[in-house]
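What's counted below: heavy atoms across the whole structure, side chains too, no hydrogens, waters or symmetry copies.
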Amino acid sequence: MNIIEFNNVDFSYVSEDENEKEIRIPVLKNLNLNIEKGSFTAILGHNGSGKSTIAKLTNGILVPDKGSVVVEGMSTSDEDKIFDIRAKVGMVFQNPDNQIVSSIVEEDVAFGCENLGIPPEECRKRVDDALETVGMSEFALKSPSKLSGGQKQRVAVAGIIAMKPDCIVLDEPTAMLDPSGRREVIQTIMRLNKEEGITIVLITHYMDEAVKADRVIIFDGGEIKLDGTPKQVFAESDKVKALGLDIPQSTQLVEMMKKDGFSCDDVILDAGECADYLENMLRS
Amino acid sequence: MSQIVCENLKYLYSVGTPFESVAIDDVNISIEKGEIVGVIGHTGSGKSTLIQHLNALLEPYSGKVFLNGKDVWENKSEIRSVRFAVGLCFQYPEYQIFEETVFKEISFGPKQMGLDEKEIEERVYESADFVGINKELMNKSPFDLSGGQKRRVAIASVIAMRPEVLVLDEPCAGLDPAGRERILSLIKSYQQKMGNTVILVSHSMEDVAKLAQKVIVMNKGRVAFQSSVSEVFSHARELKEMGLNVPQITEVFLKLKKRGIDCRTDIYTVEDAYNEIKRLKSLS
């Protein structure tokens, strides 16, 4: 079952030229994309490929010029449904400092929940549960300004979880984080997907994050260029590179070996798989 | 003589308040002319505090900073010359863009140096050309440029001052792989052409491994390691404990070594790895 459907979506940004005449800059043209309930999808693409536009279309921050975006049967173009849609699809952005509104962690997490009109007792429980889920309970009464980037992003994720969404869309949530912050956030996302069954759409520039998804989609010029499991997508390494993206180092190495006549039936995606393959090859 | 030396550097934030905290302590580093030095460390490890001392934006609580053998705080009236000699490009520098045109933006620094118009123009075109900003863009508003272009304009505005030492704080954060590659090769050719020193703060171990000759690792406000790239990345376990990591390909060879394969572990790029595997294969 699909949780989000893009049906023949056109989208363009409106700008002005030198004579202050309105011009339209097309971003998406006739896009069809379905996100399955409970899946973990990674969206890749170079800057300006339309990734963030897609994120903002999923919960009605932007609405399509033509076609429709449908979330659990509700169209984002239907103004009466917009709050219901935003309760279903939560969004986490790149910069943790731009999305924290309160001076105490638990109040910040409660913000979205309270705005949904949830009774206080229920809110209290949801906030505690959400902080527990992201591993930030001990910071509930601390000031967000004293947290690290990774911790702030986990608080932002908790704020979304407290709204009990069915889907979370994350737009480069780790771009500003250090390696341990990135690990924390990605592990949290994976747990939400596997244990809570929340649908995840992760927009990222990091290939090592993308390989953890069930499905990888690569965008270029507002169109889907590659779509499949991580192994299927990264098997087309030349294509991926031509789209201005990276291949994980382990995958690159095995590709080079293959060109030299070494056989490998599988697409290697991470350090563990690569070490297994090389060990086998060297010992045989 | 080392170009930059920090001696027993210590800096406290919020001195004299209940929030007083040690940002960096006991920092002793030396940087030679013409080196590319990578600075790594988790968020809050003191990287940014350290680099702000290098061009005298922060005055040490105790300890000294020397530039070409001269204590930068010895004569406070000459502090401006230190800031011209050491050019600092902050994280997300495109947010600091403020001028009406690209030309004015890049010329701001040289103007402050009191250069004549001809010299300013020469430097503006030189540095714009260097970062790959077309002449046609010179009279456009910098706010109409793409993210990657803005970033390059911001870097050009620092380079236009022709600093002896160029300090870049996370110059690739938030860029896609192609944009990242472009900035990195730009830094490399800047150092090669001008013979100037470059200090690169980064969360990406792959980038540091590719570019730097020397790495300074900050941990909890102190220098944990200060050595060649191979020496520093041989401490994979300690780096992980500090919330950092080693390049994925290095991890592969550390794993192989652990499993009893007699391979080198100073492998940082896919090419290194490929050559090492060929060597091992030819032995067996």
Atom group of [X] that falls short of 4.5 Å from chain A, counting heavy atoms:
{"X": "B:M242", "result": "neither"}
{"X": "B:E206", "result": "side chain"}
{"X": "B:F19", "result": "side chain"}

A side-chain contact here means heavy atoms from C-beta on lying under 4.5 Å apart; do [X] and [Y] qualify?
{"X": "B:P177", "Y": "A:H46", "value": "no"}
{"X": "B:Y92", "Y": "A:N95", "value": "no"}
{"X": "A:D246", "Y": "B:R180", "value": "yes"}

Of all the heavy-atom pairs spanning [X] and [Y], show the shortest one and how long it is.
{"X": "A:R283", "Y": "B:R259", "result": "NH2-O, 2.7 Å"}
{"X": "A:L253", "Y": "B:F253", "result": "CD2-CE1, 4.5 Å"}
{"X": "A:H205", "Y": "B:D176", "result": "CE1-CB, 3.4 Å"}
{"X": "B:Q248", "Y": "A:D270", "result": "NE2-CA, 4.1 Å"}

Neighbour count above 12 (heavy atom, 6.0 Å) for [X] [atom1]:
{"X": "B:K257", "atom1": "NZ", "answer": "yes"}
{"X": "B:Y61", "atom1": "OH", "answer": "no"}
{"X": "A:K231", "atom1": "NZ", "answer": "yes"}
{"X": "B:F98", "atom1": "CZ", "answer": "yes"}
{"X": "B:Q213", "atom1": "CD", "answer": "yes"}

Under 4.5 Å from a heavy atom of chain B, the part of [X] involved:
{"X": "A:R182", "result": "neither"}
{"X": "A:E279", "result": "both"}
{"X": "A:M281", "result": "both"}
{"X": "A:D276", "result": "both"}
{"X": "A:E184", "result": "neither"}
{"X": "A:K146", "result": "side chain"}

Would you confirm whether A:Q249, through its side chain, and B:I249, through its main-chain N or O, come within 3.5 Å as a donor-acceptor pair?
-> yes
Heavy-atom pairs under 4.5 Å with chain A, option from [options] with the top count:
{"options": "B:A173, B:G41, B:A273", "answer": "B:A273"}
{"options": "B:L256, B:I40, B:L283, B:L280", "answer": "B:L256"}
{"options": "B:S204, B:G243, B:C263, B:G148", "answer": "B:G243"}

Rounded to the nearest 0.5 angstrom, the CE-NZ distance for A:M256 and B:K278 is 8.5 Å
Distance col, row B:H203:NE2 vs A:S180:OG, nearest 0.5 angstrom, shows 8.5 Å
